[in-house]
Enquirer: 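One structure coming up, written as structure tokens, with questions to follow.
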Amino acid sequence: MTGSSAEEKSTEAGRDFIRDIVQADLAAGRHKEVVTRFPPEPNGYLHIGHAKSICLNFGVAQEFGGRCHLRFDDTNPVKEEQEFIDAIEADVRWLGFDWGTHLYHASDYFQQLYDWAEHLIRNGKAYVDDTPVEEMRAMRGTLTEAGRPSIYRSRSADENLDLFRRMRVGEFPNGARVLRAKIDLKNGNMNLRDPVLYRILHQAHPRTGTTWCIYPNYDFAHGQSDAIEHVTHSICTLEFEDHRPLYDWFLDNLPVPSRPRQYEFARLNITYTVLSKRFLTGLVQQGHVRGWDDPRMPTIAGLRRRGVPAAAIRDFVARIGLARANSVVDIGMLEFSIREHLNRSAERRMAVLRPLKVVIENYPEGQTEQFDVANHPDDPSLGTRKVTFAREIYVEQDDFMEDPPKKFFRLAPGKEVRLRNAYFVTCREVVKGQCGEVVELRCTYDPASRGGASPDGRKVQATLHWVSAAHAVPAEVRLYNPLFKRPDPGAEGDLAADLAPDSLDVLPAALAEPALAQAAPGTTFQFERLGYFAVDPDTRPGRLVFNRTVGLRDSWAKAQKG
RNA sequence: UGGGGCGUCGCCAAGUGGCAAGGCAUCGGAUUUUGAUUCCGACAUACGGAGGUUCGAAUCCUCCCGCCCCAACCA
């Protein structure tokens with residue numbers, strides 16, 4: 001990892017309230033070692049919001065010499081799948097974190113949790129309730145009205161035990177009964193109004209198979225799992241704040257081996273982006289995107305395929321900070337971190353997205369020559385490559401205007417520009433097609449400007465990228481725009497209505513310099529003057545496919561719009 | 001009208017009684033064979049509002065306003 005990234009600074013000085021708490025706890029001797037955990041539910045792919053949590057949990061453990069567990073919160077087999085488990089592990093690793101031997105699953109603790117449930121029952125703190133779902137919901141009351149007890153609330157411990165055991169062995173169908181904690185039906189906190197602990201689910205589990213037909217829910221599993229693993233700081237997002245009293249209630253009423261504490265932080269939101277697993281799942285299932293790893297997706301897999309370096313994600317997370325206030329981060333922040341890393345690491349190449357043919361009339365027919373070109377302007381260690389020049393080349397359509405405005409520096413009739421690393425050329429003639437469209441430029445070059453140097457000190461206003469017509473290799477280039485057409489998707493109530501129709505723009509006839517022909521999937525380059533592009537896994541021999549990770553900053557384009 | 005949180009520059013975010021960090025964005029300017037990068041400079045008399053305590057308040061107190069979360073046998 002290089003340089004002055006926010007990521008590194010954060011390990012030195014960057015404080016946040018979580019790290020303050022951990023440090024204070026360690027200093028006070030409350031724990032001899034900090035233990036955190038990242039607890040994904042394997043019901044979808046990880047997204048950049050999870051990356052914030054991953055960086056936090058693994059980061060804190062790393063910084064304070066503790067450890068971070070990867071624990072799957074796999075308590076709901078109707079939604080969870082092995083594919084997601086595998087993808088999550090791969091994504092966390094790719095992000096650069098290592099849980100060592102500390103891979104756990106809530107399902108590892110099913111027996112212990114079950115025993116603890118019986119413990120509550122024996123102590124009169126849990127009961128089996130036969131009330132149908134609808135009715136139970138109604139009896140829980142509302143935000144302003146207290147709940148009412150079910151007629152089953154006063155069952156004896158023995159009867160509850162008997163019923164619960166029969167639930168376990170599969171005597172009852174789904175939904176017939178649940179196990180509930182007996183807490184306080186009048187509490188202002190809905191989570192304390194006798195929450196459900198176990199439900200009957202005749203459903204095979206990815207890990208425990210058909211061993212169980214009753215499953216604990218989140219509240220009954222999470223805190224106890226933390227306690228079993230001796231997690232010291234259980235960090236989650238704000239919406240779980242109301243669950244903390246319940247989290248603590250279980251720890252208070254069960255013979256758990258340790259006493260973890262829950263802390264909450266504000267989840268990540270990004271403009272033009274939706275970070276809701278439920279919605280992302282819908283995009284995939286309804287075919288709005290090509291899959292979980294579609295480069296338009298804010299998933300870790302999508303960002304990776306798009307060409308975003310893991311270090312850029314970590315850097316982004318470090319830059320946005322951590323707090324308890326809800327906030328929406330400008331997508332530009334993410335783009336900044338991406339450019340920051342790619343600018344340093346990506347080798348430069350030339351590629352033309354929308355080719356416009358140029359014939360250099362005074363360049364001898366059949367002649368070619370090669371230039372040695374630096375792979376990186378600021379990093380000689382990245383070496384050089386050969387770039388072939390010839391009489392017929394292609395430039396970018398955007399780099400020519402027949403009738404340019406005052407500040408347009410690029411090619412225009414009679415104008416001279418530099419071809420990057422090659423020669424100065426002057427546009428002499430514009431060749432048009434049937435409909436008056438520009439199909440070709442006839443130019444002349446100045447042999448004295450070889451290599452792009454100014455022969456007599458004269459200036460050109462622009463330097464253009466180009467490829468040799470005879471040597472370039474064809475490529476498909478995929479440009480991505482935000483998935484949503486407004487910065488606050490869903491603000492009007494309908495997320496789907498805010499989906500942008502033009503989030504994918506495929507350019508099938510791009511041309512890349514030959515040095516790109518063998519580029520391996522996953523590699524990222526800067527196409528000079530255009531942006532950063534990653535080789536897509538769809539690439540096959542003879543068929544290059546690139547994803548635009550992010551464009552270069554473009555003050556010209558900005559001025560045009562303004 | 002219940003419970004739990006949160007409000008500091010356009011966007012993140014430090015600050016926890018002593019005279020408002022930093023980053024992104026933006027706007028100038030320098031350098032430049034990428035209108036990129038880099039570099040320099042500008043950018044909150046002001047901390048949701050109103051009172052109060054204090055020599056002194058974003059930081060303490062009171063009231064008010066606004067926003068978010070909670071009524072799954074999801075997590």
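Lettering follows sequence order; numbering is per chain, from 1.
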Enquirer: With a 4.0 Å cut-off on N to O distance, would you call A:D226 and A:R71 a salt bridge?
Expert: yes

Enquirer: Across the strands shown, which category fits A:P377 at heavy-atom distances under 4.0 angstrom: base, sugar-phosphate, nothing?
Expert: base

Enquirer: Work out how far the C1' atom of B:A14 is from that of B:U8, and round it to whole angstrom.
Expert: 10 Å

Enquirer: Can you tell me how far C1' in B:C47 sits from the matching atom in B:C6, rounded to whole Å?
Expert: 15 Å

Enquirer: Sticking with atom P, work out how far B:A75 lies from B:C63, rounded to a whole angstrom.
Expert: 39 Å

Enquirer: Under 4.0 Å between a Lys/Arg side-chain N and an Asp/Glu carboxylate O for A:E396 and A:R529?
Expert: no

Enquirer: Look only at the side chain of A:T237 and the backbone of A:E239, and say whether a donor-acceptor pair between them is shorter than 3.5 Å.
Expert: no

Enquirer: By nearest atom, which of the nucleotides B:C73, B:A36, B:C69 is closest to the A:V178 side chain?
Expert: B:C73

Enquirer: Taking only the side-chain heavy atoms of A:T142 (C-beta and beyond), determine which of B:G2, B:A75, B:A71 contains the nearest atom.
Expert: B:A71

Enquirer: Under the salt bridge (Lys or Arg N to Asp or Glu O under 4.0 Å) rule, collect the residues that match up with A:D194, sequence neighbours excluded.
Expert: A:R153

Enquirer: Using Watson-Crick or G-U wobble geometry with both distances below 3.5 Å, tell me the partner of B:U37, or none.
Expert: none

Enquirer: Looking for any heavy atom pair under 4.0 Å, which part of the strands does A:Q526 touch: base, sugar-phosphate only, or nothing?
Expert: base

Enquirer: Who does B:G17 pair with, Watson-Crick or G-U, both distances under 3.5 Å?
Expert: none

Enquirer: Scan A:F240 against the nucleic acid and name what it touches under 4.0 Å (heavy atoms): base, sugar-phosphate only, or nothing.
Expert: base

Enquirer: For a quick test of reading the model: is some side-chain N or O of A:K558 closer than 4.0 Å to OP1 or OP2 of B:G35?
Expert: no

Enquirer: Would you please confirm or rule out a distance under 4.0 Å between OP1 or OP2 of B:C73 and any side-chain N or O of A:R140?
Expert: yes

Enquirer: When the C1' atoms of B:G56 and B:A13 are considered, how many whole Å apart are they?
Expert: 26 Å

Enquirer: What integer number of Å spans the C1' atoms of B:A36 and B:U31?
Expert: 13 Å

Enquirer: Checking all strands, does A:N174 fall into the base, sugar-phosphate, or nothing category for heavy-atom contacts under 4.0 angstrom?
Expert: nothing

Enquirer: Counting only side-chain heavy atoms from C-beta out, which of B:C69, B:C24, B:C74 sits nearest to A:K79?
Expert: B:C74

Enquirer: Would one find a side-chain N or O of A:R193 under 4.0 angstrom from OP1 or OP2 of B:G3?
Expert: no

Enquirer: Can you identify which nucleotide, out of B:U26, B:G3, B:A75, has its nearest atom closest to the A:H243 side chain?
Expert: B:A75

Enquirer: Answer with base, sugar-phosphate or nothing: what part of the nucleic acid does A:F409 contact at a heavy-atom distance below 4.0 Å?
Expert: base

Enquirer: Hey, does the side chain of A:N343 reach the backbone of A:R339 with a donor-acceptor pair shorter than 3.5 angstrom?
Expert: no

Enquirer: If a protein heavy atom is under 4.0 Å from the base, mark B; if only from the sugar-phosphate, S; if neither, -; do that for nucleotides 9-15 of chain B going 5' to 3'.
Expert: --BSSS-

Enquirer: Using a 4.0 Å heavy-atom cut-off across all strands, classify A:R410 as base, sugar-phosphate, or nothing.
Expert: base

Enquirer: With a 4.0 Å cut-off on heavy atoms, is A:N421 in touch with a base, just the backbone sugar-phosphate, or nothing at all?
Expert: base

Enquirer: Output all residues satisfying salt bridge (Lys or Arg N to Asp or Glu O under 4.0 Å) with A:R349, sequence neighbours left out; order by chain, then residue number.
Expert: A:E347

Enquirer: As a test of reading the structure: which of B:A75, B:A71, B:G35 is closest to the side chain of A:K407, going by heavy atoms?
Expert: B:G35

Enquirer: Side chain of A:E241 only, please: which of B:C69, B:G5, B:C74 is the nearest?
Expert: B:G5

Enquirer: Please report the distance separating the C1' of B:C11 from the corresponding atom of B:G35, rounded so that it comes out in whole Å.
Expert: 26 Å

Enquirer: It should be established whether A:T463 places a side-chain nitrogen or oxygen under 4.0 Å from OP1 or OP2 of nucleotide B:G35.
Expert: no

Enquirer: At less than 4.0 Å, is any side-chain N or O atom of A:R137 found next to OP1 or OP2 of B:A72? Yes or no.
Expert: yes

Enquirer: Under 4.0 Å, heavy atoms only, any strand: does A:V133 hit a base, just the sugar-phosphate, or nothing?
Expert: base

Enquirer: Could you list the donor-acceptor pairs under 3.5 angstrom formed by side chains in residues 139-146 of chain A, with sequence neighbours left out?
Expert:
unit_1, atom_1, unit_2, atom_2, d
A:T142, OG1, A:T144, N, 3.2
A:T142, OG1, A:E145, N, 3.0

Enquirer: Does either side chain, that of A:Q262 or that of A:E264, offer a donor lying less than 3.5 Å from an acceptor on the other one?
Expert: yes

Enquirer: Do side-chain atoms of A:T273 reach the backbone of A:T271 as a donor and acceptor pair under 3.5 angstrom?
Expert: yes

Enquirer: Taking the C1' atom of each, how far is B:A58 from B:G18, in whole Å?
Expert: 13 Å

Enquirer: Roughly how many Å apart are B:A42 and B:G23, using the P atom of each and rounding to a whole number?
Expert: 12 Å

Enquirer: Enumerate the protein-to-nucleotides 37-42 of chain B contacts in which both atoms are nitrogen or oxygen and the separation is below 3.5 Å.
Expert:
unit_1, atom_1, unit_2, atom_2, d
B:U37, O2', A:N343, ND2, 3.1

Enquirer: Counting any heavy atom closer than 4.0 Å, what does A:A453 reach on the DNA or RNA strands: base, sugar-phosphate only, or nothing?
Expert: base

Enquirer: Using a 4.0 Å heavy-atom cut-off across all strands, classify A:R348 as base, sugar-phosphate, or nothing.
Expert: base

Enquirer: Report which part of the nucleic acid A:H465 touches: base, sugar-phosphate, or nothing (heavy-atom distance under 4.0 Å, all strands).
Expert: nothing

Enquirer: Counting the benzene-type ring for Trp, do A:Y445 and A:Y423 have ring centres under 6.0 Å apart?
Expert: yes

Enquirer: Just to be sure I understand the rule, does A:T131 reach a base, reach only the sugar-phosphate, or reach nothing, if contact means heavy atoms closer than 4.0 Å?
Expert: base

Enquirer: Measure from the side-chain heavy atoms of A:V196 and tell me the nearest of B:U34, B:U26, B:C73.
Expert: B:C73

Enquirer: Would you mind classifying the nucleic acid contact of A:S454 as base, sugar-phosphate or nothing, using non-hydrogen atoms under 4.0 angstrom?
Expert: nothing

Enquirer: With sequence neighbours left out, what residues match A:Y394 under ring-ring contact (aromatic ring centres under 6.0 Å, His included)?
Expert: none

Enquirer: Taking A:D108 first and then A:R207, would you say they form a salt bridge - that is, a charged N and a carboxylate O separated by under 4.0 Å?
Expert: yes

Enquirer: Using the side-chain heavy atoms of A:N76, tell me which of these nucleotides is nearest: B:G35, B:A75, B:G2.
Expert: B:A75

Enquirer: Could you check whether any side-chain heavy atom of A:R37 comes within less than 4.5 Å of a side-chain heavy atom of A:S225, counting everything from C-beta outward?
Expert: no

